[in-house]
Amino acid sequence: MSKFIKKEMTRREFVKTASTAIIVTTVSSVIPTFAIGGMAKVKVGVLLPFTGTYAKLGSHILDAMKMRIAQNGDKLGGRKVEYIVVDSEMNVPKSTQRTNKLIRKENVDFLVGPVHSGIGINMARLVKGKKVIMIVPNAGANQITGEFCAQNIFRTSFTSWQTAYPAGEAMLKAGYKKVALLYWNYAFGKQTAAAFKESFIPGGGEIIADMPTPFPKTEFQSFFTKVAALKPDAVFTFYSGGGAIKFMKDYAAAGLQRKIPLWGTFLTEGTSHKAGSASEGIRSTLHYSSELKNATNIKFKTDFKRASGDDADVFAIQGFDTGSLMIQGMNVVKGDTGATKELTRAMGSARIDSPRGMFSFSKANHPIQDIYLREVKGGVNKVIGVAAKALEDPAIGCKA
Ligand code: BEZ
């Protein structure tokens with residue numbers, strides 16, 4: 001666990017029962033409403049995973065968001081900040097109660113989360129049209145920018161479509177015609193596969209095997225046996241976090257690494273160094289690479305390493321940009337979280353100086369951003385091209 005979380009824990013109360021969430025909250029005497037000139041803290045509720053296969057993703061998002069706000073004097077719009085942090089445990093059914101608790105009982109001003117798309121869909125459904133402002137720092141479910149889009153819901157990450165559609169085009173360009181798909185069988189994996197097919201099949205590609213695997217399980221051997229027998233030109237995947245490391249190592253151990261090129265979106269993100277030589281040569285399409293040479297990224301990587309002890313990755317930059325978005329919005333309304341309309345308008349028109357490169361938001365409050373083509377060389381995700389320039393999600397079903 002990072003320095004940021006550890007420091008916070010000395011001031012926290014842990015409440016854990018067999019049936020309830022792990023609620024981690026600061027001990028404070030909070031004045032719930034903001035009066036101009038008053039000292040009420042801004043309440044930021046956080047619902048992220050700190051256990052399980054996505055634990056690192058959650059802690060990187062939180063660490064980097066806190067780091068960004070710390071760089072702003074630990075304040076939003078001149079007011080101090082209180083964090084109420086809840087472990088999502090990647091549990092979709094429990095996310096209803098956890099979200100409602102943060103909004104209704106804790107009365108948070110901002111709700112930050114989650115990582116997992118199934119939880120993201122659930123949270124967006126609960127939050128749409130409410131007073132609280134939700135910022136999604138990862139979960140890519142298309143619906144958050146589609147049918148559940150709302151003035152009070154923002155995303156600083158990506159959609160399933162935005163990361164996978166360019167991969168279909170890039171793989172065709174690389175000369176692959178017959179591809180096998182392997183992905184975790186839940187909302188994000190399924191949407192990733194669908195977006196890939198949307199560009200790959202009309203472009204002349206053929207999916208010779210479509211293999212969803214149980215989430216978050218990591219027994220891949222039987223699927224690799226099928227891949228070896230089918231001999232596709234290449235494999236396209238979605239796995240992330242701890243499961244992705246196991247996937248890459250097992251793929252190499254099965255003797256496939258040198259025979260059938262492996263592609264993905266998040267597969268090598270924050271994981272390439274841990275997979276060692278098993279990650280070499282893997283290509284991916286994503287909106288960030290730690291190898292980007294812009295000044296914001298160079299500074300971010302140093303700051304994040306110092307703050308957390310870890311190397312920067314896409315999850316950390318999404319947390320950092322979540323902090324920047326709150327800072328920009330709250331500066332405009334001078335800390336008045338009651339001015340919801342002005343605050344959400346300011347957030348929607350923000351330009352974020354991100355380590356991924358500068359970006360702005362679409363009408364659906366979603367980043368319009370470049371998608372890079374990357375290849376792991378020497379353990380890092382080198383940028384070898386731009387797979388899609390200033391890509392905007394089509395926001396199908398968004399009526400906001
Ligand atoms: C998702 O569930 O949306 C997701 C989880 C990990 C990495 C990327 C996306």
Side-chain angles (χ1 to χ4, degrees), residues 47-62 64 87-93 95 112-125 134-146 148 153-167 182-196 212-218 236-248 263-272 274 282 284-289 312-319 321-322 356 366-367 369 371-372 374 381 393:
L47 186 60
L48 289 170
F50 301 107
T51 46
T53 199
Y54 289 161
K56 262 286 175 221
L57 285 58
S59 67
H60 278 192
I61 291 168
L62 181 60
D87 184 357
S88 76
E89 299 174 290
M90 295 189 307
N91 187 318
V92 180
S95 66
V112 176
V115 159
H116 180 292
S117 272
I119 297 178
I121 294 166
N122 204 21
M123 286 172 78
R125 188 184 284 124
M134 177 175 173
I135 307 177
V136 180
N138 189 72
N142 293 329
Q143 294 94 319
I144 299 170
T145 297
F148 298 123
I153 300 178
F154 292 81
R155 183 150 47 184
T156 51
S157 52
F158 53 88
T159 60
S160 319
W161 181 88
Q162 215 174 21
T163 50
Y165 184 90
L182 273 165
Y183 52 91
W184 264 329
N185 191 14
Y186 78 98
F188 187 74
K190 289 192 263 189
Q191 291 184 3
T192 293
F196 178 83
T213 70
F215 175 80
K217 293 208 169 118
T218 55
F236 177 70
T237 62
F238 164 69
Y239 296 96
S240 188
I245 299 169
K246 172 88 168 32
F247 184 94
M248 289 184 276
W263 287 58
T265 48
F266 290 88
L267 189 65
T268 56
E269 192 56 28
T271 56
S272 53
K274 290 191 189 129
I282 296 175
S284 51
T285 50
L286 209 65
H287 50 291
Y288 176 68
S289 159
D313 60 15
V314 77
F315 311 105
I317 68 116
Q318 291 166 175
D321 296 342
T322 298
R356 76 189 83 173
H366 183 81
Q369 57 194 340
I371 305 294
Y372 303 102
R374 306 136 21 114
N381 288 291
D393 184 272

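Model, not experiment: these values are computed from the prediction. Order of appearance sets the numbers: ligands from 1, and atoms from 1 within every ligand.
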- prompt: Testing Gln318, His116, His60, Arg155 for side chain to side chain donor-acceptor pair (under 3.5 Å) with Asn138, which one passes?
  reply: Gln318
message: Given Glu269, which partner from the list Arg374, Lys274, Lys56 fulfils the salt bridge (Lys or Arg N to Asp or Glu O under 4.0 Å) test?
response: Arg374
May I have every N or O pair linking ligand 1 to the protein at under 3.5 Å, one per line with atom names and distance?
| from | atom 1 | to | atom 2 | distance (Å) |
| --- | --- | --- | --- | --- |
| ligand 1 | 2 (O) | Val115 | O | 3.4 |
| ligand 1 | 2 (O) | Ser117 | N | 2.8 |
| ligand 1 | 2 (O) | Tyr186 | OH | 2.5 |
| ligand 1 | 3 (O) | Val115 | O | 3.4 |
| ligand 1 | 3 (O) | Ser117 | OG | 2.7 |
| ligand 1 | 3 (O) | Gly140 | N | 2.9 |

query: Will you find, in the side chains of Asp87 and Thr51, an N or O donor that is under 3.5 Å from an N or O acceptor?
result: yes
task: Check the side chains of Asp393 and Thr145 for a donor-acceptor pair under 3.5 angstrom, ignoring hydrogens and angles.
output: no
task: Under the ring pair (Phe, Tyr, Trp, His ring centres under 6.0 Å) rule, collect the residues that match up with His287, sequence neighbours excluded.
output: Phe158
- prompt: So, for Phe215 and Phe238, is the gap between ring centers shorter than 6.0 Å?
  reply: no
